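Just so it is clear, the model here is predicted, and its values are computed rather than measured. Every chain is numbered from 1 and lettered A, B, ... according to where its sequence line falls, protein lines coming before strand lines.
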Number of protein chains: 2
Amino acid sequence: MQVDKSLMTGSTVMLVLSLLSQREMYGYEMIAELARRSEDTFQLREGTLYPILHTLEADKCVTAREKAAGNGRTRRYYRITRRGRKLLEEKQAEWKFFTDKVEQVVFGTSPSPA
Amino acid sequence: MQVDKSLMTGSTVMLVLSLLSQREMYGYEMIAELARRSEDTFQLREGTLYPILHTLEADKCVTAREKAAGNGRTRRYYRITRRGRKLLEEKQAEWKFFTDKVEQVVFGTSPSPA
DNA sequence: TGACATACCTGTATCAGCTAGGTATAATAA
DNA sequence: TTATTATACCTAGCTGATACAGGTATGTCA
């Protein structure tokens, strides 16, 4: 199923931080991993991801280090910081709150218990 | 709780159609009703809603009729069409699909059963 | 030699939603 | 009386998140 890209707006940073909360990763890898885990629903563009990573780094939510890959290329690995984990927790809480409210309005449901 | 407005992107039309799927409503009322049902989480702006309503009308997803209100003002009531209901169903399916995928990635959960 | 995958980067375009302005009437407050 | 607030509609232009489309560079495979 194809989903309207505009739905992604606002949750991309959370998705990226989620990946990094599990292990160190480099940009190109994140795009592939996100596609894999979502069964190709999230096909993040490089033009979207790299600027986000740079902003997260500037905000000290992630740190980066260059590392030579076996194939002669240099990868830039990103690692989440304590501050980044805090941001992720906030984004997750915000997301749950938001989706509960949407479902409340659209499906007439009550918020699901935590 | 305040949520990042950019999360709303892509779901606004679904929210509006959801309201209209239950009863005929006028613009100003929809804004209040959306705020009420979401406990003030969704504070839609007139500059957002009216253009959406005009587009939905042009696309024959809603019809409109003027009606004098008791207070001397004229209200523009919107009613959802068959085509509008179809669009709503699509948006709802898309939304559930999308949120399932996000939770799959972020919380490591499996899609919830329908 | 040329295409493709890997791996990074960025300037500009796009588009949803917001800002900030407009019109107009009626009720309430100063 | 005048100002403010609430109701009720509208729209031109701005903002900001994401996409597009281009760039750089190396290695592999046909």
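At least one donor-acceptor pair under 3.5 Å links the side chain of A:Q43 to the backbone N or O of A:D40. For B:R85 (side chain) and B:S21 (main-chain N/O), a donor-acceptor pair under 3.5 Å exists by modelled atom type. A donor-acceptor contact shorter than 3.5 Å is absent between the side chain of B:S38 and the backbone of A:K101. Put simply, the side chain of B:E94 gets close to the backbone of A:D4: a donor and an acceptor are under 3.5 Å apart. The backbone N or O of A:C61 lies less than 3.5 Å from a partner atom in the side chain of A:T81, making a donor-acceptor pair.
Nearest nucleotide to the side chain of A:I52, out of D:dC9, C:dG17, D:dT18: D:dT18. Ranking C:dA7, C:dT25, C:dC18 by closeness to the A:R75 side chain, first place goes to C:dA7. Of the candidates D:dT26, C:dG17, D:dC20, the closest approach to any side-chain atom of A:K5 belongs to D:dC20. Listed nucleotides: D:dA6, D:dA19, D:dC10. Nearest to the side chain of B:Y28: D:dA6.
The distance between atom CG of B:D4 and atom C1' of D:dG16, rounded to the nearest whole Å, is 11 Å. To the nearest angstrom, P of D:dT7 lies 18 Å from NZ of B:K67. For the pair B:R73 CZ and D:dA6 C1', the interatomic distance rounds to 7 Å; values are reported in whole Å. Distance A:M30 CE to D:dT18 P: 15 Å, rounded to the nearest Å. Following rounding to the nearest Å, B:E33 (CD) and D:dT7 (C1') show an atom-to-atom distance of 16 Å. Rounded to an integer number of Å, the gap from CD1 of A:I31 to P of C:dC9 is 11 Å. Across the protein-nucleic acid pair, B:E29 atom CD and D:dT7 atom P stand 12 Å apart, rounded to whole Å. Summarising the geometry, the separation between CZ on A:F42 and C1' on D:dA19 is reported as 16 Å, rounded to the nearest angstrom.
Using a 4.0 Å cut-off, some side-chain N or O of A:Y50 falls inside it from OP1 or OP2 of C:dC8. An OP1 or OP2 oxygen of D:dC10 is reached within less than 4.0 angstrom by a side-chain nitrogen or oxygen of B:R76. Listed pair B:R45 / C:dA16 fails the phosphate criterion, with no side-chain N or O lying under 4.0 Å from OP1 or OP2. A close approach under 4.0 Å does occur between a side-chain nitrogen or oxygen of A:H54 and OP1 or OP2 of C:dT10.
Ring-centre distance between A:Y50 and A:Y28: not below the 6.0 Å cut-off.
Between B:G47 and A:L49, the residue whose closest nucleotide on DNA chain D is further toward the 5' end is B:G47. Of the two residues contacting DNA chain C, namely A:E46 and B:E46, the nearest-nucleotide position lying further toward the 5' end is that of A:E46.
The shortest non-hydrogen separation linking A:M1 to B:A93 is CE-C, 3.8 Å.
Contacts with DNA chain D (heavy atom under 4.0 Å) in residues 7-26 of chain B: B:Y26, listed by number.
Salt-bridge annotation for A:R75 and A:E29: absent, with no side-chain N of the basic residue lying under 4.0 Å from a carboxylate O of the acidic one.
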